Colleague: 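Mind looking over this structure? Questions follow.
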Amino acid sequence: MNLKILPLLLSLPVLSLSGAIKIGVMPKITGIEYFNAVERGAKAAGVELGVEVVFDGPVTNDVAKQSALVETWIARRFDAICIAPNDADAIAPALRKARARGIKVVTYDSDAQPAARELFVNQATTAAIGKAMIDSVARNVGPEARYIILTGSLTAANQNNWMEEMEKYRRQHFPKMENLSPTAKVTDEDQALATQVAIDSLKAYPNLQAIVAITSVALPGAAEGLMKAGVGGRIFLTGLSTPRSMSPYVKSGVVPEVVLWSPEDLGYLTVQAAVQLVRKEITSGSRELAAGKLGTKAIVNREVLLGVPLIFTKANIDDYNF
Ligand code: RAM
């Protein structure tokens, strides 16, 4: 073989032994219903597109472990790596290394530094998600509600962006509403920790009227905490989680409203975008993406938008199966 063409051969997408394109999809953390739903959607897209989808990630929201797995997928010559980073900055060196090896990099759910990836698949605009949660508090408690926020980790781009939008929207539309703890309570994707933080917050803020829990495990965790403290349904609780996780709390009235989107559709759209980048059917400069069963999705400034936030209540929560 003429060794001069070796660099060219090494830069080409490698078809694995199965001959299929190989896509890695990584959550912030495995073993929680939200990312289990992402996995279902991602694998459904893989079957539809005839590609191999490997779904794997850390058992805690640890960006160092995410970086190590990216390195492994680089060594295994994946064709694309899709990731929801626990830290937008810390993950960037590993993602840049993947791109330098010709691997397509797509973030979803939570972004990395934009220069470290081709596309970001966003579930809804951060402004729409922030607005939906503040509107829920205003609708159920009133325009002068006193609330706190339970977040995941303080390095997660999506939660931080949502909180920034919540505060901007609150200042503009509900200036008398008060966040009693501008530094959000950290619950680190740990449901049991969220339960304890909710209980502790009731003592720390005796005039508390509402809690907004913005990770899919913090919301059920906080519901358990309010119930343990005997104030379920008396302190307004809302936030982001799946209908499967929240159905009993919504039906009992502990959590009257839940905001989210379809994590299954998010996973499906992410793999659609990644495969079409690998197959050169789209580029990061494309303006839209024909995303199979989801129809055509807009791409604006390298961000693919899934849709708008959904509000789950007693009236509709049984209509959803994720
Ligand atoms: C957790 C994660 C994820 C977020 C959901 C709402 O599962 O923080 O990034 O989108 O909550």
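Start at 1 and go down the list; that is how both ligands and their atoms are numbered. Note that the coordinates shown come from a computational prediction; the quantities given were computed from them, not determined experimentally.
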Colleague: Both conditions, 6.0 Å and 45 degrees, for the charged tip of K28 above the ring of F35: are they met here?
Modeller: no
Colleague: Do R146 side-chain atoms and A210 backbone N/O form a donor-acceptor pair below 3.5 Å?
Modeller: no
Colleague: For ligand 1, which atoms, with element, lie under 4.0 Å from some heavy atom of I32?
Modeller: 7 (O)
Colleague: In this structure, does ligand 1 have an atom that sits under 4.0 Å from one of the heavy atoms of W162?
Modeller: yes
Colleague: Could you find the nearest protein heavy atom to atom 2 (C) of ligand 1 and give me its residue, atom name and distance?
Modeller: E189 OE2, 3.3 Å
Colleague: Determine yes or no for a side-chain-to-main-chain donor-acceptor pair under 3.5 angstrom, with D79 supplying the side chain and V278 the backbone.
Modeller: no
Colleague: Which atoms from ligand 1 have a heavy atom of W261 less than 4.0 Å away?
Modeller: 10 (O)
Colleague: Can a donor-acceptor pair be found between the side chains of N161 and T126 at a distance below 3.5 Å?
Modeller: no
Colleague: Sort out for me which residue in R171, E164, M163, E165 forms a side chain to side chain contact (heavy atoms under 4.5 Å, CB included) with E167.
Modeller: R171
Colleague: What protein heavy atom lies closest to atom 11 (O) of ligand 1? Include the residue and the distance to one decimal.
Modeller: S216 N, 2.8 Å
Colleague: With a cut-off of 4.0 Å, which atoms of ligand 1 are near a heavy atom of Y34?
Modeller: 3 (C), 7 (O), 10 (O)
Colleague: State plainly whether the residues D318 and K251 are in salt-bridge range, i.e. N to O under 4.0 Å.
Modeller: yes
Colleague: Quick check on contacts: which atoms of ligand 1 are under 4.0 angstrom from a heavy atom of L240?
Modeller: 6 (C)
Colleague: Can you name the atoms of ligand 1, numbered from 1 with element, that are less than 4.0 Å from a heavy atom of Q159?
Modeller: 4 (C), 8 (O)
Colleague: Taking the ring of F312 and the ring of Y320, is the distance between their centroids below 6.0 Å?
Modeller: yes
Colleague: Please report which non-hydrogen protein atom sits nearest to atom 9 (O) of ligand 1, along with the residue it belongs to and the distance in Å to one decimal place.
Modeller: D109 OD2, 2.5 Å
Colleague: Tell me whether T155 contacts the main-chain N or O of N86 through its side chain, where contact means a donor paired with an acceptor under 3.5 Å.
Modeller: yes
Colleague: Can you list the ligand 1 atoms lying under 4.0 Å from a non-hydrogen atom of T215?
Modeller: 1 (C), 11 (O)
Colleague: Any N or O on N158 sitting closer than 3.5 Å to an N or O of ligand 1?
Modeller: yes
